[in-house]
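Only heavy atoms go into these numbers, but all of them, side chains included; no hydrogens, no water, no symmetry mates. Just so it is clear, the model here is predicted, and its values are computed rather than measured.
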Amino acid sequence: MDRIQLRLATAIFFFASCPAAISSNSPPKLVSIGDVLNFARQNGSEFKAIQYEFEALELDIESREKVLSPTISSSISRSWDRRESLTSASATRQQSTLSSLAVEKPFSTGTTVGALLGYEWAQSPRTTPNRNTLIDWEVFLSQSLWRNGFGRETKARRAGDSWERRERRFANLLEAQNYLVAIETYYWSWVFAEKEKNIRRANLERSQRIESWVARRLRLSAAETSDLLQARSLVETRKLQMKNVENRIRSVMAQFESSLPGLDIRSLTPNLQEFSEARKLESLVVNEGVNSRITSLGSIIQSAKAARLESRAEQASSASDPDLEPSLRHGRNGIDGSEARARSEAFSAKNRYSEVALTLSSSLDFSLMRASARAAKLQAEADAIRASRLKSESEINWQDLERESLALSDQIQTARGLARIQQQKADAERTRFEKGRSTAFQAITFEQEAAEAELRVWELELNLRKLEAKARVYGRFEGAL
């Protein structure tokens with residue numbers, strides 16, 4: 001009994017003192033392409049940069065509305081005037097305090113409203129009374145009828161901002177999708193390398209068995225030395241191939257660690273089964289429009305850019321127009337030696353005044369203004385032509401992508417059939433070799449052909465997975481141009 005307790009205590013001490021050894025021997029966690037892409041979306045540095053960039057754009061566009069923000073201005077001054085005038089030398093020797101407060105609010109319709117409040121206090125020792133207070137106020141209203149008539153300039157600016165937001169949003173989305181395509185390419189290269197490692201390991205084991213069979217037959221004088229050398233050459237070739245595969249796996253892991261620093265790729269193992277699972281291309285596109293046609297993100301970006309430049313051209317055209325602005329002012333004032341009476345008079349009806357005006361303003365350098373508008377128009381037309389070309393190319397490229405996907409799927413089916421035949425032939429030849437009915441050269445040759453045929457299947461699968469990943473830069477979008 002004491003011996004059993006001693007063994008139990010020793011075991012408990014060992015496991016308690018070696019948690020690192022236990023955890024290090026735990027099996028790697030199985031990971032799929034969906035897990036890797038979700039991790040990239042949530043933790044990838046590229047996604048964070050894109051998110052910050054788009055937030056900066058939203059704030060920048062929002063801040064452009066500051067041209068319609070209300071403004072307030074105030075001033076205060078005090079003066080001591082000892083100058084004399086030709087008409088009255090006694091009335092100009094005074095000191096005064098002047099202050100004003102103005103509020104103005106422009107609207108998107110080209111309308112501007114505002115109010116002004118003024119206060120002036122003046123003192124002169126040579127006048128009676130020697131101290132007076134002036135209080136006046138006014139409200140005003142103006143409306144642009146030409147350059148920004150009823151908000152034409154504002155509407156063009158907002159339309160340009162909207163198209164710029166759309167352009168930048170899809171540009172950021174394209175960056176994100178290209179990032180996912182790169183991550184997916186690394187993943188499938190990793191899966192293929194792991195799959196190839198398994199195949200190469202199995203081939204190495206079979207090659208070593210062939211080597212032992214040839215060595216045994218050589219001892220029985222049933223084989224030649226050249227057969228053994230060829231078998232050993234096959235084994236060394238398989239070992240070299242294993243080392244190359246392991247180097248590729250390390251390279252892919254380094255790429256993962258560089259692109260996704262937070263992903264502990266060395267503690268994971270890929271799901272090899274999904275490597276042979278074909279995916280529909282339409283399931284990988286960005287889906288933001290149910291009934292929209294599939295188009296490339298590059299085409300959408302160019303179309304949005306063309307529309308943005310068209311709006312900017314309209315802005316440049318309206319900026320070269322003259323401005324015709326009617327305005328209306330109305331106010332009252334009061335002046336008295338007593339500040340209270342001056343304030344009362346300022347709000348009485350007897351001291352009111354009104355003004356109606358019509359102002360015409362224009363730049364005199366018409367040639368430069370027309371050149372600016374013409375340049376903006378030509379740039380918009382050039383980008384519209386590019387957008388039309390990219391739209392046509394996008395449709396053709398998508399059709400080519402579908403066609404290549406179907407062609408690769410057909411090739412995979414053919415390659416699988418060939419691999420089965422090559423493996424059956426290699427198995428049959430190995431059986432014949434074991435019975436002494438075939439040469440080592442034939443057994444080794446058939447073994448090599450079977451291995452290459454199997455790898456060819458997985459190379460085609462890799463090409464198809466990478467081709468499918470390219471569908472991520474396409475999408476369905478509502479209101480796509």
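Ionic pairing of Lys155 and Glu314 is not present here: no N-O contact between side-chain nitrogen and carboxylate oxygen is shorter than 4.0 angstrom. A salt bridge is defined here as a Lys NZ or Arg NE, NH1 or NH2 lying under 4.0 Å from an Asp or Glu carboxylate O, and Glu310 with Lys377 fails to meet this definition.
Under the 3.5 Å distance criterion, the side-chain polar atoms of Ser303 are matched with a main-chain donor or acceptor of Ser299. Checked by atom type and distance alone, the side chain of Ser283 never pairs as donor or acceptor with a backbone atom of Arg279 at under 3.5 Å. The backbone N or O of Lys66 lies less than 3.5 Å from a partner atom in the side chain of Ser69, making a donor-acceptor pair. Between the side chain of Ser233 and the backbone N or O of Leu229 there is no donor-acceptor pair closer than 3.5 Å. Formation of a donor-acceptor pair under 3.5 Å by the Ser388 side chain with backbone atoms of Ala384 is not found in this model. A donor-acceptor pair under 3.5 Å is absent between the side-chain atoms of Arg168 and the main chain of Phe54, judged by distance alone. A donor-acceptor contact shorter than 3.5 Å links the side chain of Ser394 to the backbone of Ser296. Without hydrogens or angle criteria, Ser251 side chain to Asn247 main chain gives no donor-acceptor distance under 3.5 Å. Using modelled atom types, no side-chain atom of Asp383 and backbone atom of Ala380 make a donor-acceptor pair closer than 3.5 Å. The backbone N or O of Ser361 lies less than 3.5 Å from no partner atom in the side chain of Asp323, so there is not a single donor-acceptor pair.
Results of the salt bridge (charged side-chain N to carboxylate O under 4.0 Å, His left out) test with Glu164 over Arg169, Arg308, Arg64 single out Arg64 as the only residue that passes. Of the residues Arg158, Arg165, Arg157, the one that meets the salt bridge (charged side-chain N to carboxylate O under 4.0 Å, His left out) test with Asp161 is Arg157.
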Item to check | From CA spacing to verdict: side chain to side chain contact (heavy atoms under 4.5 Å, CB included), Thr112, Glu104 | outcome: CA-CA 7 Å; Thr112 302; Glu104 185 175 321; 3.6 Å; yes
Checklist entry - Checking side-chain hydrogen bond (donor to acceptor under 3.5 Å, both in side chains) for the pair Arg200/Asn203: CA distance, chi angles, key distance, verdict? => result CA-CA 5 Å; Arg200 296 295 187 189; Asn203 291 340; over 6 Å; no
Next on the checklist: Test side chain to side chain contact (heavy atoms under 4.5 Å, CB included) on Leu141 and Ser327; report intermediate values, then the result.
Outcome noted: CA-CA 6 Å; Leu141 170 70; Ser327 60; over 6 Å; no
Please table the atom pairs, donor to acceptor, closer than 3.5 Å between any side-chain atom in residues 448-458 and protein atoms at least two apart or in another chain.
residue : atom : partner : partner atom : Å
Glu449  : OE1  : Lys425  : NZ           : 3.3

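Shown here is Glu196, whose CD atom has more than 12 heavy atoms of other residues, nucleotides or ligands within 6.0 Å. A 6.0 Å sphere centred on NZ of Lys243 holds no more than 12 heavy atoms belonging to other residues, nucleotides or ligands. Shown here is Phe107, whose CZ atom has more than 12 heavy atoms of other residues, nucleotides or ligands within 6.0 Å. Taking a 6.0 Å sphere around CH2 of Trp213, one finds it holds more than 12 heavy atoms contributed by other residues, nucleotides or ligands. Enclosure of atom CD in Glu62 is not indicated, since only 12 or fewer non-hydrogen atoms of other residues, nucleotides or ligands lie within 6.0 angstrom. The environment of Gln273 atom CD is sparse: at most 12 non-hydrogen atoms of other residues, nucleotides or ligands sit within 6.0 angstrom.
Side-chain contact between Glu184 and Arg472 is present, with at least one heavy-atom pair separated by less than 4.5 Å. In this structure the side chain of Phe47 never reaches within 4.5 angstrom of the side chain of Gln51, judged on heavy atoms. In this structure, Arg430 and Arg206 have side chains that are in contact, with non-hydrogen atoms separated by less than 4.5 Å.
Inspection of the Ser144 and Glu325 side chains reveals no N or O donor paired with an N or O acceptor under 3.5 Å. Side chain to side chain, Gln423 and Arg420 fail the donor-acceptor criterion of an N or O pair below 3.5 Å. Under 3.5 Å, the side chains of Glu459 and Asn463 contain no donor-acceptor pair of N or O atoms.
Ring-plane geometry between Phe256 and Tyr186 is classed as perpendicular, the angle between the planes exceeding 60 degrees on a 0 to 90 degree scale with a lower cut at 30.
Within the cation-pi definition used here (under 6.0 Å to the ring centroid, within 45° of the axis), Lys48 does not qualify as a partner of Tyr52.
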